[in-house]
Colleague: 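I have a structure here, written as structure tokens, and I will follow up with some questions on it.
To find a chain, count down the sequence lines: A is the first, B the second, and so on, and within it residues start at 1. Treat the numbers as computed from the prediction; the structure is a model and nothing was measured.
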Amino acid sequence: MDLKLGGELDDFRQMVRAAVAQDLPADMRARQQAFGGLQSENGDALKWAAILHKRGWSVPHWPVEHGGQDWTPLQKFVFEDELASAWAPDVNWGATHMVGPVIYTFGTEEQKSRFLPDIRAGRYYWAQGFSEPGNGSDLANLRTAAVLQGDRYIVNGQKIWTSGAHDAEWGFFLVRTDPSVKAQRGISFLLIDLKSPGITIRQIPEINGEADLCETFLDNVEVPAENLVGEPGMGWTYAKFLLDHERTTSSFIYWNKRELRRARAIAEAEMLDGVPLAQLPQFQSRLARLEAEVAALEWSVLRVLAAEEFAYDLTAVASTLKVSGSRLQQAITELQVDLYGALAMRQFPIELAHQTPTPLWPENIAGRTATALGSRAATIFGGTLQIQRGIIAKLAFGL
Amino acid sequence: MDLKLGGELDDFRQMVRAAVAQDLPADMRARQQAFGGLQSENGDALKWAAILHKRGWSVPHWPVEHGGQDWTPLQKFVFEDELASAWAPDVNWGATHMVGPVIYTFGTEEQKSRFLPDIRAGRYYWAQGFSEPGNGSDLANLRTAAVLQGDRYIVNGQKIWTSGAHDAEWGFFLVRTDPSVKAQRGISFLLIDLKSPGITIRQIPEINGEADLCETFLDNVEVPAENLVGEPGMGWTYAKFLLDHERTTSSFIYWNKRELRRARAIAEAEMLDGVPLAQLPQFQSRLARLEAEVAALEWSVLRVLAAEEFAYDLTAVASTLKVSGSRLQQAITELQVDLYGALAMRQFPIELAHQTPTPLWPENIAGRTATALGSRAATIFGGTLQIQRGIIAKLAFGL
Amino acid sequence: MDFNLSDMQRMLLDSAERLVSDRYSLEHRRALRDHHDGFDAGAWASFAELGWLALAVPEEKDGLGGSIEDVAVLMIAIGGGLVVDPLVSNAVIAPAILSDGHDTNLLAEIAAGERRVALAHDEPGERYGRGPRITRLVRRGNGFALTGQKMLVLDAGSADTLIVTASIEGEDGTALVRVDKNADRVASEAYPLIDGTVAADIRLDEVDVTADAILVPAEHGQAVLDAAHDRAKIALMAQAIGSMEATLSICAAYLKERQQFGQAIGKFQALQHIMADMFVAAHQARSALYQSLAVATAGARERARAVSLAAITIGEASQFVSRSAIQLHGGYGVTDEYEVSHHYRRLLTLEKSYGDIDFHIRRIASLDAG
Amino acid sequence: MDFNLSDMQRMLLDSAERLVSDRYSLEHRRALRDHHDGFDAGAWASFAELGWLALAVPEEKDGLGGSIEDVAVLMIAIGGGLVVDPLVSNAVIAPAILSDGHDTNLLAEIAAGERRVALAHDEPGERYGRGPRITRLVRRGNGFALTGQKMLVLDAGSADTLIVTASIEGEDGTALVRVDKNADRVASEAYPLIDGTVAADIRLDEVDVTADAILVPAEHGQAVLDAAHDRAKIALMAQAIGSMEATLSICAAYLKERQQFGQAIGKFQALQHIMADMFVAAHQARSALYQSLAVATAGARERARAVSLAAITIGEASQFVSRSAIQLHGGYGVTDEYEVSHHYRRLLTLEKSYGDIDFHIRRIASLDAG
């Protein structure tokens with residue numbers, strides 16, 4: 001047992017910190033500081049990927065032969081942590097963490113050379129087309145059909161929660177290519193150019209003023225057969241591969257750490273009768289409890305990254321990260337809202353969420369309530385809290 | 001809508017208060033003040049019933065012709081409230097609120113004249129024999145059998161949670177008299193003299209040092225057929241009648257009010273750096289939240305007593321009282337424990353739970369942790385929290 | 001003691017429920033919010049016609065002399081339909097402040113739907129402050145000059161008249177002053193809240209105020225203000241009850257309709273138990289409202305304590321119920337197209353208006369301390 | 001970074017688990033508690049033989065020089081088996097206080113299992129007080145007279161020697177003094193705690209103390225005491241992890257075995273989800289322990305803050321897990337005959353020893369303030 005985050009890691013951290021300080025444009029940083037977890041961030045994800053790409057850091061978690069870095073898991077942890085601390089934008093997750101790994105693992109050489117360089121360089125957005133209106137957590141019940149006609153698939157169906165599809169050029173879809181087999185089997189993984197005829201994208205207005213969630217309608221969309229990744233009928237397997245590939249990301253640990261720091265800063269700035277809220281026991285208690293939970297979550301993540309031999313199934317362990325991480329996203333942003341009290345009621349237009357409206361209003365208040373409202377989705381998307389509990393009961397205890 | 005607790009009620013309250021102040025012996029009051037919700041209270045339930053009986057107040061909720069009082073539901077509410085506030089002992093619930101009402105509603109004249117006067121006068125304890133080791137919340141699966149042979153039943157089986165059976169003279173049992181019909185049908189309601197040959201009673205040691213829960217073994221126990229109440233096969237119906245009869249008692253409202261007052265008194269007496277805990281925001285917050293919940297629960301009880309026309313099924317409403325009331329019992333006693341901090345760790349022998357050990361120790365601390373430990377049962381007995389939720393989902397929403 | 005509705009309350013409730021169901025579809029409300037600054041002049045005329053704006057006005061002031069219970073009955077229906085028109089400011093706060101005052105004309109105009117007011121009290125840097133710290137009246141000639149800064153004035157978007165709290169030079173206490181929102185040297189910056197209502201920051205820069213614009217003199221102002229705030233909080237809590245109970249119905253229906261894994265999701269025990277806990281919370285919340293109504297006209301301390309207790313229970317329940325409702329809806333719950341997200345946002349602002357949970361806990365502690 | 005056990009830790013864990021499963025059945029533990037004041041001399045001899053009492057003693061003091069991680073590994077097994085013997089006082093606190101001191105003999109005797117100590121620090125009216133307020137050493141001849149009152153001295157039941165904290169006349173700081181529990185003018189009143197351990201109130205009435213009985217001088221006492229308390233809390237938190245994880249196993253087995261409504265109760269989704277939440281809490285708790293271990297030998301402030309953070313997470317998790325375990329067991333859960341009620345009581349005392357959750361929240365705030 002060796003629980004020290006060693007000295008070389010500190011050197012690595014300093015190196016990353018210096019690089020980010022040098023590379024991250026001030027306006028981009030300011031937007032992030034205001035927006036936080038909001039999506040409407042001006043295309044910064046791509047711009048930032050392009051900047052990181054110059055150092056070869058846009059997809060460090062990929063294998064070296066595909067443009068990744070030869071970093072240890074803990075170095076990758078420190079890298080992500082530093083980026084978040086410095087208010088760097090998120091990357092285009094669907095591209096770098098979902099479709100990218102599927103392509104380099106299961107794709108053809110042609111697919112690799114066609115798509116991977118663009119992802120590395122942040123050239124365009126990718127959207128995910130898994131869910132359908134009839135199924136949320138129940139992907140096996142998938143209905144969007146892709147019928148092979150000659151050298152192309154004719155795709156018909158409807159996808160929902162294709163986040164960012166309105167801004168994206170490409171999407172990766174789960175489609176049913178074989179209706180004769182049941183449930184998960186017969187599902188394939190298909191890359192679709194979102195500018196193809198027959199595709200209609202509708203932005204769905206959200207609880208917090210954003211409209212990043214999208215519904216995507218596919219009406220006789222023609223997709224070249226060469227856009228199918230891997231084997232037909234293996235789409236479900238690849239989707240699960242993605243989940244297993246990213247066991248710790250659902251903890252949102254970097255985000256949670258950063259937003260808790262923000263909450264503390266708000267508590268130090270906001271006053272009650274001239275006393276900062278951070279000095280009032282009722283808020284000290286909430287801050288300390290959340291900090292305790294975040295600290296524990298960080299170590300839960302480190303345990304996975306450092307390959308602890310768990311007494312329980314690893315997928316069940318990963319679900320604990322999702323459960324804790326998603327609840328923390330909600331609890332931390334609720335605290336931010338409560339710290340602002342009545343001021344948190346104001347709705348800021350999402351496109352102005354990076355502005356402080358007048359000197360009467362606290363700096364960076366604009367994005368907070370929107371972020372808190374949006375974080376209700378944390379316990380829903382990517383497998384609801386209830387689904388996670390079911391996974392744990394089954395895999396950890398055989399119930 | 002008239003939400004005032006009117007003036008005549010105030011007069012009634014003063015009348016009860018004066019009577020209780022006069023009647024309640026000081027040593028009995030002191031024991032209650034120390035014991036609180038503990039069972040091992042020296043036979044006070046019977047002694048107190050006998051005292052109340054002199055005023056005709058031992059079973060005021062019974063019909064007048066059986067010795068009850070012609071009070072309104074709100075007067076009965078005030079009566080109970082005053083008794084609890086004055087630290088009067090609990091009554092022998094099984095007798096006055098369970099078997100008594102079953103006997104006067106469904107019993108023969110002979111049963112009424114034989115048992116009701118003794119119950120009114122508090123002559124002996126009654127124990128309840130419903131649950132069995134194989135079934136907890138699932139009474140339909142009852143196995144204790146009573147076979148009619150001539151003019152007597154031969155009873156064989158095993159009951160559990162026959163609380164107080166070791167001190168009781170009589171028990172009221174659910175037994176299966178007809179094994180040929182299914183589930184709830186074929187169950188009868190039988191009164192059994194606990195001194196009968198073939199009965200063995202084992203006290204079950206509890207989490208808090210008490211041993212009031214009992215296991216009762218029945219081995220060829222002969223019970224006169226005349227001890228069967230009402231119709232054979234109707235036992236389940238009578239058991240449900242009991243539950244419907246007492247819709248508000250599971251709220252433990254009087255107890256919750258009293259114990260919250262006690263928590264506040266502890267918070268005023270215990271100090272941190274010379275400041276009473278009642279002045280620290282972290283404890284003010286817990287006290288205020290619990291008081292808010294208790295106040296709401298009191299009004300939830302009043303709504304039932306004053307016959308509000310609910311938009312939802314009345315049984316579902318009653319379950320909310322049980323859910324809120326049982327959680328409050330736990331939350332309030334947990335607060336008492338937390339207010340005492342490390343001092344709460346001490347185990348006081350249950351028979352000395354009314355003594356303050358040395359002047360170093362706070363007055364009346366002795367029974368607190370034991371009460372808190374015992375209150376874990378609040379969400380279990382009488383239908384678990386999970387059972388109550390199921391009832392609500394079904395009856396309020398048809399799920 | 002009687003929890004059932006009187007005939008008059010039944011009529012009031014029926015008419016409110018009818019209006020709400022006829023007029024306030026989700027689509028209508030979303031359109032109002034997005035295109036009309038949240039104010040619906042036609043609806044307002046109906047409210048006046050139905051007598052809602054005169055409900056809490058005493059009979060001797062030509063009102064209907066309704067009780068606080070009557071107001072609560074109306075507000076429950078209003079809350080259930082997510083009606084966010086400025087009823088509390090005009091039908092609750094205005095009568096509370098004006099009924100004992102000299103400006104009977106203003107009260108009559110409000111009751112007739114011809115004028116709308118907003119109470120401008122909170123100031124920057126205050127968390128539900130008790131008295132105004134910045135805004136003050138300085139004597140000038142026969143009248144005063146009013147200077148100050150108000151923030152987050154609820155319902156100010158559609159108001160034409162402000163009731164401003166201010167200290168008076170040389171006097172103790174808090175005066176309540178009538179100010180025309182469009183007067184010279186009154187600067188208003190309006191903005192929407194997350195529930196679709198419109199509030200404003202108001203800057204007052206030596207605004208001319210005549211002596212008879214003082215609606216409540218400084219010596220009585222704080223008591224009148226506290227009473228008005230508590231009545232407003234009661235009205236909002238009643239709305240919260242309506243909103244929670246509507247949420248329960250929506251969710252129960254959704255659980256029966258939505259299919260997943262081959263069955264209605266309402267068959268899943270875990271979701272049933274969430275619904276049950278929501279029911280318990282909403283039921284306790286309604287009881288808490290009753291508890292506060294019972295002493296709403298009692299002494300100030302008793303009233304304040306009861307309102308604060310209810311605000312804790314109802315505030316917690318509101319959040320629990322509406323968050324759970326979103327969870328039960330899955331992804332649809334976080335869209336603007338499903339009703340539950342609107343209830344969630346409304347319930348959040350109801351909790352944060354006229355004192356949030358933290359404020360009410362502190363108020364109880366401070367009442368108990370002295 | 002490596003979370004897996006070293007070979008030595010694996011051996012330690014195996015031997016501990018073996019001893020626990022061989023010796024510490026529920027029946028044995030209940031009998032010990034009810035009839036032998038909670039102390040098992042035979043077991044204690046085994047602990048000494050196995051080296052547990054020398055584990056945290058530095059090699060240069062003839063100990064095994066084990067790390068705090070080694071201690072934690074042992075304590076997890078101890079906690080899982082609900083072993084309540086006074087290991088923390090003797091195998092953790094004693095080395096923390098004595099390893100740098102002059103009384104090597106005492107340390108050796110403890111490590112050999114020949115002598116047992118208890119740290120007498122808390123005093124009446126204190127909530128986990130930092131320094132002693134009552135107990136003081138007054139100079140008398142070449143030595144001192146020790147007078148004071150200690151309360152809730154953990155593990156004092158089976159101790160023969162006390163380490164008493166006291167101020168010294170004319171000096172700042174806190175001294176740690178060795179006192180024979182059976183000495184003249186030392187009055188001890190022992191009593192059981194709810195977990196079966198035995199504590200005592202100790203009254204000191206001008207007890208003779210020689211100069212060399214001062215184990216730690218006043219100038220260093222507070223730092224040594226804080227470090228000892230933090231190490232003790234870490235050891236108890238490790239026990240809590242073991243206790244929680246054992247509770248999970250017991251509950252999972254019970255859910256599969258217990259039948260209700262015609263099926264194993266583990267088939268009910270509501271109970272599955274309770275188990276899942278217990279798992280999440282216990283998992284986070286173990287991570288919190290690691291977090292505190294990582295800086296256990298760092299600077300005092302960093303160590304204190306990390307221990308306090310872990311104490312919050314582990315304290316909350318302990319209560320949640322063990323309360324839920326009782327609920328899953330139904331009526332059996334509240335009897336003394338089922339293991340889960342013992343875990344509940346033990347976890348409650350672990351939370352309340354060396355600072356409860358409220359204490360640790362306050363400590364974080366006070367560390368951050370200064």
Colleague: Take atom NZ of Lys256(D) as the centre, draw a 6.0 Å sphere, and report whether it contains more than 12 heavy atoms from other residues, nucleotides or ligands.
Modeller: yes
Colleague: Could you pull out the closest heavy-atom pair between Pro124(D) and Leu360(B), with the gap in Å?
Modeller: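 Nearest heavy atoms, Pro124(D) then Leu360(B): CG-CD2, 3.6 Å.
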Colleague: Against chain D, label Leu339(B) side chain, backbone, both or neither, depending on which of its atoms sit under 4.5 Å from a heavy atom there.
Modeller: backbone
Colleague: Rounded to the nearest 0.5 Å, what separation is found between the OG1 atom of Thr358(B) and the CG atom of Asp201(D)?
Modeller: 5.5 Å
Colleague: Below 4.5 Å, heavy-atom pairs only: which of Glu351(D), Gln149(D), Gln259(D) has the largest tally toward chain B?
Modeller: Gln149(D)
Colleague: To the nearest 0.5 Å, what is the distance between CZ on Arg376(B) and OG on Ser322(D)?
Modeller: 8.0 Å
Colleague: Name the option with the most non-hydrogen atom pairs under 4.5 Å to chain B; the candidates are Tyr332(D), Tyr344(D), Phe268(D).
Modeller: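 That would be Tyr332(D).
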Colleague: Select, from Leu154(D), Thr335(D), Ile274(D), Asp195(D), the one with the greatest count of heavy-atom pairs under 4.5 Å involving chain B.
Modeller: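 Option with the greatest count: Thr335(D).
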Colleague: Determine the minimum heavy-atom distance between Pro205(B) and Arg30(D), stating which atoms define it.
Modeller: CG-NH2, 3.3 Å
Colleague: Work out which heavy atom in Phe283(B) is nearest to a heavy atom in Arg127(D); give both atom names and the distance.
Modeller: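 Taking Phe283(B) first and Arg127(D) second, the nearest heavy atoms are CZ-NH2, 4.3 Å.
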Colleague: Give, for atom CD of Glu126(D) and atom CG of Leu272(B), the distance between the pair rounded to the nearest 0.5 Å.
Modeller: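 The CG atom of Leu272(B) is 9.0 Å from CD of Glu126(D), to the nearest 0.5 Å.
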Colleague: Taking only Lys NZ, Arg NE, NH1 and NH2, and the carboxylate oxygens of Asp or Glu, determine whether Lys352(D) and Asp338(B) approach each other closer than 4.0 Å.
Modeller: yes
Colleague: At a heavy-atom distance under 4.5 Å, which candidate from Leu271(D), Asp358(D), Ile361(D), Asp122(D) has the highest pair count against chain B?
Modeller: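 The residue among Leu271(D), Asp358(D), Ile361(D), Asp122(D) with the greatest pair count is Asp358(D).
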Colleague: Between Leu152(D) and chain B, which part of the residue has a heavy atom less than 4.5 Å away: side chain, backbone, both or neither?
Modeller: side chain
Colleague: Does any donor atom in the side chain of Gln386(B) or Gln327(D) lie under 3.5 Å from an acceptor atom in the other side chain?
Modeller: yes
Colleague: Could you have a look at Ile160(B), Asn141(B), Thr379(B), Leu385(B) and say which one has the most heavy-atom pairs with chain D under 4.5 angstrom?
Modeller: Thr379(B)
Colleague: If we define contacts as heavy-atom pairs under 4.5 Å, which of Ile326(D), Leu348(D), Val334(D) has the most with chain B?
Modeller: Val334(D)
Colleague: Atom CG in Leu213(B), atom CD in Glu337(D): separation rounded to 0.5 Å?
Modeller: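 Separation between the atoms: 10.0 Å.
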Colleague: Distance from Asp336(D) atom CG to Glu206(B) atom CD, nearest 0.5 Å?
Modeller: 9.5 Å
Colleague: Dump the intermediate steps for salt bridge (Lys or Arg N to Asp or Glu O under 4.0 Å) on Asp273(B) and Arg133(D), then the final yes or no.
Modeller: CA-CA 11 Å; Asp273(B) 297 335; Arg133(D) 292 197 178 176; 3.3 Å; yes
Colleague: Where is the tightest heavy-atom contact between Gly331(D) and Ile380(B), given as atom of each residue plus distance?
Modeller: N-CG2, 3.3 Å
Colleague: Please give me the minimum heavy-atom distance between Arg346(B) and Leu193(D), naming the atom from each residue.
Modeller: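 In terms of heavy atoms, the two residues are closest at CA-CD2, 3.7 Å.
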Colleague: Is it the case that over 12 heavy atoms from other parts of the model lie below 6.0 angstrom from the CZ atom of Arg327(B)?
Modeller: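 Counting neighbours around CZ of Arg327(B), more than 12 heavy atoms of other residues, nucleotides or ligands fall under 6.0 Å, so yes.
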Colleague: Would you mind checking which part of Pro192(D) comes under 4.5 Å of any heavy atom in chain B, side chain (CB onward), backbone (N, CA, C, O), both or neither?
Modeller: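 Interface part for Pro192(D): both.
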